[in-house]
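All remarks here apply to the structure that follows.
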Amino acid sequence: MDGSVRRREPRVPETDPTVGVTVDVDRQGEPRHRLVAIGDSLTQGFQSLAVFNTGLSYPAIVAHELGCAERFRYPRYEGLGGLPFNIELLLRDLEARYGRTVDLREAPFALFRARSLMDRVEDYWERGPGLAVPSTTAIMHNLAVFGWDLRDALSKSADECLARIKAPEDDPIMQLVQNACERAALRVLPTQPPAAGALTQLGAAAELGKETDGTGSEHGIETLVVFLGANNALKAVTELKVVWSADGYDDLSRKGDFTVWQPQHFAAELRQVAAEVAGIKARHVIWCTVPHVTIAPVARGVDDKVERGSRYYPYYTRPWIGNDAFDPHRDPKITADEARRVDDAIDEYNDAITAEVRDARRSGMDWYLLETCGLLDRLASRRYAEDAAAQPGWWRPYDLPPALEALTPPPNSRFLAGEAEQRTDGGLFSLDGVHPTTVGYGILAQELIDVMRLAGVQFFRPDGETPREDPVHVDFERLIRKDTLVNRPPGNLDSTLRVIGWADEALDLFRRVFVGF
C-alpha cells in the first residue's frame with residue numbers, strides 16, 4: 001500500500017515564495033556566513049555519476065554572484081574524476097583510444113580498458129591519495145552529501161560514517177569504490193576537534209548559526225538553503241523498481257530496502273528536520289520542493305503516451321533501450337501506473353514542505369519556498385513541452401536565459417546526445433540522466449537568487465563591496481565556457497546512446513552507482 005492520494009491533475013506549483021504570509025524581518029547587523037546549504041547530490045554538484053565539480057554546484061554559483069566566492073567553503077574531490085565513478089571521464093578515455101565508435105572487434109579491449117580505469121579509481125579512493133581526509137576545524141558552507149535523504153540529515157555524522165566504512169575489497173568484478181557516500185561525507189562534515197565528529201548536517205549548520213561577528217546580528221547565517229527529499233523517491237527511477245516504505249523507513253540500517261517513501265512517512269521525517277532547522281540561527285531559510293523524479297531522462301518513456309492528454313508512457317526504461325528493442329518481460333522498467341503513484345507521492349511531499357514553510361512564517365520566521373518541482377515541470381520536454389494535450393492549465397514553458405536560448409540547439413531535458421563533439425539534443429541533464437549539467441545548475445542558481453532578492457539579500461560585485469543593482473543575473477556565459485558537456489561533449493556520444501548503453505550493459509554502471517544512494 002503506497003498511502004498516496006490519487007490526483008486527477010498534478011499539484012499546482014506554489015508561485016509565491018512567501019506562500020501568502022508576510023513576515024517582519026530583523027535586519028540588524030551582518031551575519032558572518034552569507035550562504036549555507038543542506039542537501040543531497042543536487043546541492044553538492046553531482047554530475048555524470050560522480051561528485052567532482054563542486055566549485056560549480058548551484059550554491060557555489062550563487063556565492064560567486066553574491067561576491068563571496070573566495071569565502072565560500074565546499075569539499076573537493078579532484079582525484080581521477082571524483083567519487084564514485086565519472087562516466088564522462090570514461091567516455092573521453094575510450095574516445096582517445098578507439099575514436100568515436102567501439103566496433104565489435106574492439107569491444108573486448110575497450111571493456112578491459114574500462115575495467116582498468118575503474119580499478120585505478122577504486123584504488124585511488126580506497127587505498128591511495130583519496131583515502132586521506134583533509135583535517136579542518138572550519139565547517140563547510142555547502143553541507144550537502146550525495147545519496148542522503150531526510151533520515152541521513154537527521155542521523156549521520158562523520159563518526160557514524162567512519163563506523164560504516166568497511167575494509168575495502170579489491171574485487172576484480174565489482175570495481176567501484178565501496179562506501180562512496182560515507183567517504184564523500186567525511187570531506188563535508190567536520191571531524192576536528194574530535195567532539196565535532198558527532199555533528200550531523202543539521203548540527204553543523206546550527207554551529208555556523210551560532211558564529212556571529214559582534215555586528216548586532218543574532219544570526220550567524222544570512223541565507224540557509226534546505227533541499228532534501230529527492231532521495232526519498234529517486235531510486236524508483238534509478239533502480240526502476242517501486243518498493244514503498246514500511247517499518248524501518250527511519251532506520252539507517254533498514255531504509256535502503258525502500259525506493260519510495262509513503263507520504264505519511266516522509267511527513268514524519270520532515271517534521272523532525274523542520275524542527276531542527278527552526279533552531280538554526282539563520283535570517284532567511286529557503287526550502288526547495290522535491291522534483292518529479294519520473295521526468296529525469298534516466299528513465300525514458302517507451303512508445304506513445306498511454307492516452308491522449310496523459311502525462312505518462314506505458315513503460316519507463318533506460319534511455320538507450322529503443323522502442324523496437326524494448327521487451328517488458330526482460331528489460332528493467334516501471335509502469336505508467338507506478339510512475340503516476342510516485343508523482344502523486346511527491347506532490348504530497350511538496351504539500352507537506354509548503355505547509356512547514358507557511359506555519360513557520362505564521363510564527364514569525366522568514367522562511368521561503370522555492371518551487372524546484374514546478375521548475376522541472378516547466379522544463380519537461382517529453383511530458384509537457386512537446387505534448388500540448390498533456391499540459392495542465394497552469395503550465396507555461398520556462399524561458400531559458402538568453403545565453404542558453406542562443407545555443408544550437410537550446411538545451412532541453414532530453415538525455416544528452418551529440419555527434420562529432422557537437423551537442424544535438426539535451427543539455428540540461430548530465431550523462432547520468434539524473435543530475436544537471438553546469439548550465440542546468442545555473443538555472444537552479446538563478447531561481448534561488450530571485451528568491452534571495454525577494455528576501456532582501458544584497459548581492460555584490462566580485463570585490464565583495466560594490467552593491468549590484470537589480471536584476472541580478474547569473475553569468476551564463478561563464479558557465480557555458482566551463483560546461484564541457486554543453487560546449488564540447490564526448491565525440492563518441494552519438495544520437496543512439498550506443499556507447500553509454502554499451503558501458504552500462506558491460507559494467508552495470510548505473511545500477512551499481514545508484515544502489516549506493
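Side chains included, hydrogens not; waters and symmetry mates left out as well; all remaining heavy atoms used.
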- Query: Stepwise, does the side-chain contact (heavy atoms from CB on, under 4.5 Å) test hold for Glu222 with Gln458?
  - Reply: CA-CA 10 Å; Glu222 184 174 17; Gln458 179 65 63; 5.8 Å; no
- Task: Please tell me if the side chains of Leu400 and Ile443 come closer than 4.5 Å, counting only heavy atoms from C-beta onward.
- Result: yes
- Salt bridge flag under 4.0 Å for residues Glu371 and Arg378: no
- Check: Ser381 main-chain N/O paired with Ser413 side-chain donor or acceptor under 3.5 Å: yes
- Task: Count the heavy atoms of every other residue, nucleotide or ligand shown that sit under 6.0 Å from CG of Asp463, and state whether that count exceeds 12.
- Result: yes
- Hey, are the side chains of Pro436 and Leu42 touching, using non-hydrogen atoms and a 4.5 Å cut-off? yes
- Please determine if Arg76 forms a cation-pi arrangement with Tyr74, meaning its NZ or CZ atom is less than 6.0 Å from the six-membered ring centre and no more than 45° off the ring axis. yes
- Task: Mind running side-chain contact (heavy atoms from CB on, under 4.5 Å) on Arg311 and Tyr384 for me, showing each step along the way?
- Result: CA-CA 7 Å; Arg311 290 171 277 164; Tyr384 293 132; 3.1 Å; yes
- If you take all heavy atoms of Pro10 and Pro392, which pair is closest and at what distance? CG-CG, 3.9 Å
- What's the spacing between Arg461 CZ and Glu469 CD if we round to 0.5 Å? 8.5 Å
- Flag if over 12 foreign heavy atoms under 6.0 Å of CD, Glu30: no
- Item | Ionic contact status for Glu88 with Arg92, cut-off 4.0 Å | yes
- In short, Met140 meets Leu208 closest at the heavy-atom pair O-CD1, 3.5 Å
- Do Thr238 and Phe510 have side-chain heavy atoms sitting under 4.5 Å apart? no
- Message: For the backbone of Thr18 and the side chain of Arg361, can you confirm whether one donor and one acceptor N or O come within less than 3.5 Å of each other?
- Response: yes
- Message: Just by distance, no angles: are the side chains of Arg11 and Thr354 close enough, under 3.5 Å, to form a donor-acceptor pair?
- Response: yes
- In sequence, state the C-alpha distance, the side-chain angles, and the governing distance for Thr294 and Arg383, and then conclude on side-chain contact (heavy atoms from CB on, under 4.5 Å). CA-CA 10 Å; Thr294 54; Arg383 176 167 294 190; 2.7 Å; yes
- Query: Does any N or O in the side chain of Asp366 come within less than 3.5 Å of the main-chain N or O of Val25, such that one atom is a donor and the other an acceptor?
  - Reply: no
- Item | Gap separating the OG atom of Ser430 from the NE2 atom of His435, nearest 0.5 angstrom | 7.0 Å
- Message: Measuring from atom CG of Leu428 to atom OG1 of Thr437, what distance do you get when rounded to the nearest 0.5 angstrom?
- Response: 6.0 Å
- Value for CG (Leu370) from CD1 (Ile449), rounded to nearest 0.5 Å, stands at 11.5 Å
- Item | Arg468 CZ to Leu66 CG distance, which is reported to the nearest 0.5 Å | 8.5 Å
- Query: Take atom CD in Glu211; do more than 12 heavy atoms of anything else shown fall under 6.0 Å from it?
  - Reply: yes
- Should we count CG of Asp470 as having more than 12 external heavy atoms under 6.0 Å? yes
- Message: Tell me whether the rings of Trp367 and Trp287 are parallel (<30°), tilted (30 to 60°) or perpendicular (>60°).
- Response: tilted
- Do Arg396 side-chain atoms and Gly393 backbone N/O form a donor-acceptor pair below 3.5 Å? yes
- Query: Are the side chains of Arg34 and Phe460 in touch, meaning some heavy atoms are under 4.5 Å apart?
  - Reply: yes
- Task: Please state whether the rings of Tyr249 and His265 are parallel, tilted or perpendicular, taking 30° and 60° as the class boundaries.
- Result: parallel
- Query: Quick one: are Tyr398 and Glu447 in side-chain contact, heavy atoms under 4.5 Å?
  - Reply: yes
- Item | Spacing of Ile280 atom CD1 and Ile221 atom CD1 [to the nearest 0.5 Å] | 6.0 Å
- SB check Asp152 Lys255 (cutoff 4.0 Å): yes
- Task: Flag the pair Arg164 and Glu182 as a salt bridge only when some basic side-chain nitrogen lies within less than 4.0 angstrom of an acidic carboxylate oxygen.
- Result: no
- Message: Between Arg151 and Lys156, does the side-chain contact (heavy atoms from CB on, under 4.5 Å) criterion hold? Intermediate values first, please.
- Response: CA-CA 8 Å; Arg151 173 50 47 184; Lys156 278 190 177 177; over 6 Å; no
- Polar side chain donor-acceptor pair, Thr212 to Ser217, under 3.5 angstrom: no
- Item | Lys/Arg-Asp/Glu bridge criterion (N-O < 4.0 Å) met for Asp483, Arg423 | no
- Query: Is Thr259 reaching over with its side chain to a backbone N or O of Val243, donor-acceptor style, under 3.5 angstrom?
  - Reply: yes
- What closest approach, in Å, do Trp395 and Asp377 show between heavy atoms, and which atom pair accounts for it? NE1-O, 2.9 Å
- Between the side chain of Ser157 and the main-chain N/O of Gly197, is any donor-acceptor distance below 3.5 Å? yes
- Query: What is the minimum heavy-atom distance between Phe258 and Asp247, and which atoms define it?
  - Reply: CZ-O, 3.6 Å
- Heavy-atom check, side chain of Tyr441 versus side chain of Leu56, under 4.5 Å: no
- Query: Are any non-hydrogen side-chain atoms of Asn142 and Thr43 less than 4.5 angstrom apart?
  - Reply: yes
- Are His292 and Asp347 close enough that some pair of their side-chain heavy atoms sits under 4.5 Å apart? yes
- Is it true that a side-chain atom of Arg187 and a backbone atom of Pro134 form a donor plus acceptor pair closer than 3.5 Å? no
- Flag, side chain of Ser41 to backbone of Phe146, donor-acceptor distance under 3.5 Å: no
- Donor-acceptor pair, side chain of Thr372 and main chain of Cys288, under 3.5 angstrom: no
- Task: Would you confirm whether Asn231, through its side chain, and Trp148, through its main-chain N or O, come within 3.5 Å as a donor-acceptor pair?
- Result: yes
